Each structure stands twice: as C-alpha cells, then as structure tokens.
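One structure is given here, and the rest of the page talks about it.
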Amino acid sequence: MTDIPSLEQRLDRLEHGQARVLASLAAIEGRIEILHQEFQRTATTVSRFSLAQESAKLASQRLEGFVSDVRGQLSKIEAALDSKK
C-alpha cells in the first residue's frame with residue numbers, strides 16, 4: 001500500500017502544479033501587456049504618419065494652386081505684351 005500516494009501527497013503535487021501554471025500565466029500576461037504597449041505605440045506612429053501625409057498633400061495642393069495662378073497671370077502678361085507689339 002505504500003505505492004499509492006496519500007491524499008496529502010496528491011494535494012501537494014496539485015498545488016505545485018497550480019503554482020507552476022500560475023507563474024506561467026503571469027509571464028504570459030506580462031508578455032501580452034508588452035505587446036499591447038507596442039501595438040499602441042505603433043498605432044500612434046501610424047496615425048502621426050497619416051496626419052503628416054495629409055498635411056503634405058494639402059500643402060502640395062495649395063502650392064499647385066499658387067503655381068497655377070502664377071501661370072495664369074504670366075499668360076495674361078504675355079498676351080498683353082504680344083498685343084502691344
């Protein structure tokens with residue numbers, strides 16, 4: 001009968017197993033938190049890049065409008081000079 005582990009020994013093994021599982025889960029939870037923080041930083045960076053890209057696009061559109069206006073004025077000046085010849 002000495003081969004059969006006592007109830008107390010079984011409980012000890014279960015408690016040790018639960019402690020190992022708990023330690024493993026705590027480590028996994030820590031890794032998940034680190035990943036979550038990295039995802040938040042990445043999302044913030046992507047958002048900033050998107051805003052910068054939109055800002056650059058609007059600046060480019062304004063510049064194109066300005067260049068178009070200058071071209072129009074130059075065309076009018078050229079036409080006026082041609083008519084005075």
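Remember, predicted model here, so these are calculated numbers, not experimental data. Each residue takes its place number in the sequence, starting with 1. Keep in mind that the numbers below use all heavy atoms, side chains included, and drop hydrogens, waters and symmetry copies.
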Say you draw a straight line from [atom1] of [X] to [atom2] of [Y]; how long is it, rounded to the nearest 0.5 Å?
X	Y	atom1	atom2	result
Q18	L11	CD	CG	9.5 Å
D82	I77	CG	CD1	12.0 Å
L7	L14	CG	CG	9.5 Å
T44	F49	OG1	CZ	11.5 Å
R20	E15	CZ	CD	12.0 Å
E38	E33	CD	CD	11.0 Å

Within a reach of under 6.0 Å around [atom1] of [X], are more than 12 heavy atoms found that belong to other residues, nucleotides or ligands?
X	atom1	value
R31	CZ	no
Q53	CD	no
E8	CD	no
E29	CD	no

- Item | Under 3.5 Å: donor-acceptor pair, side chain of T45, backbone of R41 | yes
- Query: Has the side chain of Q37 got a donor or acceptor atom that lies under 3.5 Å from a matching backbone atom of I34?
  - Reply: no
- Item | Residues S60, E64; criterion side chain to side chain contact (heavy atoms under 4.5 Å, CB included); working and verdict | CA-CA 6 Å; S60 175; E64 286 175 7; 3.7 Å; yes
- Task: With the side chain counted from C-beta on, respond yes when S55 and L51 share a heavy-atom pair under 4.5 Å apart, and no when they do not.
- Result: no
